Amino acid sequence: QVQLVESGGGLVQAGGSLRLSCAATGRTRSSAPMAWFRQAPGKERDFVAVIRWTDTAYADSVKGRFTVSKDNAKNTVYLQMNSLKPEDTAVYYCAAGSPGAWGVSTTTYAYWGRGTQVTVSS
């Protein structure tokens, strides 16, 4: 089992920045992908970014603005979000997959945090 706890969400003006954190405990593996998804009201949960070892991938909508990173010593994954837009408003979820997995679908990830709200005002 893997437990994930997100933090760092909040209210920010358009153009501002936030850094989300996801602390992982339990049976964590460095070879397991760690991802961020987001879900706006009335919409599906969408892929944002993923990291495994030094490999990363991003949704087109956040490329160049968001950066995913990982501190293996702390078992923590970060999402640095810059140049935020009102359309980035959503609940952001951290997710962990099985070792060796990779993908942008929610079905790739077996473990999920409870989410943290990000609200970007215009």
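Please read all numbers here as calculations on a predicted model, not as lab measurements.
Although no hydrogens or angles enter the test, the distance criterion places no donor-acceptor pair under 3.5 Å between the side chain of T116 and the main chain of S7. With hydrogens and angles disregarded, no donor-acceptor distance shorter than 3.5 Å links the side chain of Y109 to the backbone of P33. A donor-acceptor pair is defined here as one N or O able to donate and one able to accept, closer than 3.5 Å; no such pair exists between the side chain of Y78 and the backbone of T67. No side-chain donor-acceptor contact under 3.5 Å links E6 to the backbone of C22.
The shortest side-chain heavy-atom distance between L20 and V118 falls under the 4.5 Å cut-off. Counting heavy atoms from C-beta on, the side chains of L4 and Y93 never come closer than 4.5 Å. Within the 4.5 Å cutoff, side-chain heavy atoms of Q80 are placed close to those of N82.
The salt bridge (charged side-chain N to carboxylate O under 4.0 Å, His left out) contacts involving residues 47-72 comprise D60-K63, R65-D88, where partners must be two or more places apart or lie in separate chains. Judged as a salt bridge (charged side-chain N to carboxylate O under 4.0 Å, His left out), not a single pair has a partner in residues 13-37 (not counting sequence neighbours). Identified under the salt bridge (charged side-chain N to carboxylate O under 4.0 Å, His left out) test for residues 98-117, with sequence neighbours left out: none.
Here the rule is side-chain contact (heavy atoms from CB on, under 4.5 Å) with M34, and of N75, I51, V68, V2 only I51 fits it.
Hydrophobic clustering (ILVMFWY, side-chain heavy atoms < 4.5 Å, transitive): W112 and V50 are in one cluster.
Note: Y92 and F66 have tilted aromatic rings, judged against thresholds of 30 and 60 degrees for the angle between ring planes.
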